Every structure is written in structure tokens, then in C-alpha cells.
Amino acid sequence: VQLQAFGGGLVQAGGFLRLSCAASGFTFSRSSLSWFRQAPGKERQFVAAISWGGATTDYADSVKGRFTIAKDNDKSTAYLEMNSLKPEDTAIYYCGADPHARTYSCFALRNRAIYPHWGQGTLVTVSS
């Protein structure tokens, strides 16, 4: 099982980045995917998630309307498009996967504990 996150970098405030999370070793089409982030000195926090069938998405209030999560089953890749970036978005971004095709109640996708597989993280730095 492997998740590899990439696409981070240095961008100015107001800019755009697209993160990718390439998966292998499990059935991606049956996987719920998530993005979490961890800023220096802070705990890892929820950013966005998408259910395994793609019908449900959830976003943290701090990114709602600016970030979009998506998954491409043919490419076994999840994406996080980040628009209107702010300095407070600076963090290491991690992707997580739950490969068990489970249906979750409202907001349950925000629970980090449901994702047994994690990528190594990609650093996003937003300058002011």
C-alpha cells in the first residue's frame, strides 16, 4: 500500500496550487480520500474529504469555497485544488485513504482515525 503526495511548493498569497495523491496497492475506486494539514507547532487538522463513490465531499470552514477535492479512479489519484491561498494555509499536507467502501454519516469523513493509509506529505508555503 502506498500513497504519494506531491505538488506542494512556494506560492504568493492569492495564488493557486494543485496537490496530487497517487495511490497503489489497494482498490482506489472503493476508497474514501482525505486531505489533512499540519502547520509548524500545531496538530494535524482536517482540510477536505471525498467519499468512496464521490457523492459526498466535506471541507473545513477555513477552506470552503477556495479548495476543491476530487478523485480520478482511472488514475488512482486524488487531487486538492487550492485557490486564493493565504499565508495561514502554509503547512504540510497529507492525504489519507480508507479503502473499505464504507458509508459515513455527516462529518464522519473528518475523523482522522478512519483512514488507515497515509502519504508522506507535501509542503505548501504561502508567502504574504
Side-chain angles (χ1 to χ4, degrees):
V1 173
Q2 189 173 18
L3 289 171
Q4 188 169 12
F6 56 95
L10 174 63
V11 63
Q12 287 188 331
F16 166 85
L17 278 176
R18 187 174 81 158
L19 305 184
S20 300
C21 177
S24 60
F26 60 94
T27 306
F28 187 83
S29 61
R30 295 175 59 81
S31 299
S32 296
L33 280 300
S34 66
W35 289 94
F36 284 70
R37 67 187 181 187
Q38 188 166 14
K42 296 187 177 181
E43 292 188 355
R44 193 174 299 191
Q45 62 177 194
F46 170 76
V47 175
I50 185 167
S51 60
W52 70 273
T56 300
T57 56
D58 190 20
Y59 298 91
D61 288 345
S62 59
V63 307
K64 199 171 293 183
R66 299 189 297 124
F67 290 12
T68 303
I69 188 171
K71 60 181 301 202
D72 186 330
N73 291 331
D74 290 337
K75 297 182 178 179
S76 294
T77 302
Y79 302 98
L80 185 69
E81 293 191 345
M82 306 186 294
N83 292 284
S84 303
L85 282 161
K86 303 176 181 180
E88 51 264 44
D89 294 320
T90 295
I92 299 174
Y93 284 71
Y94 298 89
C95 57
D98 168 26
H100 303 299
R102 289 183 282 213
T103 300
Y104 294 101
S105 60
C106 186
F107 298 127
L109 288 168
R110 300 185 178 199
N111 183 358
R112 195 171 73 183
I114 71 172
Y115 303 101
H117 306 312
W118 290 93
Q120 85 288 2
T122 184
L123 176 62
V124 172
T125 303
V126 183
S127 63
S128 58

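The figures here come from the full heavy-atom set of this structure, side chains too, leaving out hydrogens, waters and symmetry mates. Bear in mind that the values here come from a model prediction, so they are computed numbers and not experimental data. Residue numbers run from 1 in the order of the sequence given.
- Using a 4.5 Å cut-off between side-chain heavy atoms of Ile, Leu, Val, Met, Phe, Trp and Tyr, with links allowed through other members, W52 and L109 fall into different hydrophobic clusters.
- A distance of 4.5 Å separates CG in L17 from CE in M82, rounded to the nearest 0.5 Å.
- Rounding to the nearest 0.5 angstrom, the gap separating the CD atom in E81 from the CZ atom in R66 is 14.0 Å.
- Once rounded to the nearest 0.5 Å, the distance linking CD of Q12 with OG1 of T125 reads 13.0 Å.
- The number of heavy atoms from other shown groups lying within 6.0 Å of NZ (K64) is above 12.
- For the residue pair F28 and D72, the shortest heavy atom distance occurs at CE2-O, 3.6 Å.
- Under a 3.5 Å cut-off, the side chain of S51 and the backbone N or O of T56 do form a donor-acceptor pair.
- Using a 4.5 Å cut-off between side-chain heavy atoms of Ile, Leu, Val, Met, Phe, Trp and Tyr, with links allowed through other members, W35 and V11 fall into the same hydrophobic cluster.
- Of all heavy-atom pairs spanning V47 and V63, the tightest one is O-CG2, 3.5 Å.
- Ring pair W118/Y115 is perpendicular by interplanar angle, where above 60° counts as perpendicular and below 30° as parallel.
- In the hydrophobic clustering of ILVMFWY residues, with side-chain heavy atoms under 4.5 Å counting as a link, L33 and F46 come out apart.
- Proximity of a side-chain donor or acceptor of Q120 to a complementary backbone N or O of A5 within less than 3.5 Å is detected.
- A single hydrophobic cluster is not seen to contain both Y79 and L3; linkage of ILVMFWY side chains at heavy-atom distances under 4.5 Å, directly or through other members, places them apart.
- Scanning both residues, A70 and I50, for their nearest heavy atoms gives CA-CD1, 4.2 Å.
- Between P99 and P116 the shortest side-chain heavy-atom distance falls below 4.5 Å.
- A salt bridge is absent between D89 and K86; no separation between the charged side-chain nitrogens and carboxylate oxygens falls under 4.0 Å.
- Residues K75 and T77 share a closest heavy-atom pair of O-OG1, 2.8 Å.
- Closest heavy-atom contact between A48 and L80: CB-CD1, 4.0 Å.
- Using modelled atom types and a 3.5 Å distance limit, the side chains of N111 and Y104 yield no donor-acceptor pair.
- Rounded to the nearest 0.5 Å, atoms CZ (R112) and OG (S34) are 10.0 Å apart.
- The two residues S62 and R37 make their nearest non-hydrogen contact at OG-NH2, 3.5 Å.
- Side-chain contact between C21 and Q4 is absent, with no heavy atoms from C-beta onward closer than 4.5 Å.
- I92 and V126 sit in two unconnected hydrophobic clusters of ILVMFWY residues. Membership requires side-chain heavy atoms under 4.5 Å apart, directly or through other members.
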*Please report the C-alpha distance between Y94 and F36 in whole Å, then the side-chain angles of each, then the deciding distance to 0.1 Å, and finally whether the ring pair (Phe, Tyr, Trp, His ring centres under 6.0 Å) criterion is met.*
CA-CA 5 Å; Y94 298 89; F36 284 70; 9.1 Å; no
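- The line from CG of L19 to CZ of F6 is 9.5 Å long, rounded to the nearest 0.5 Å.
- In this structure, OG1 in T68 is found 4.5 Å from OH in Y59, a value given to the nearest 0.5 Å.
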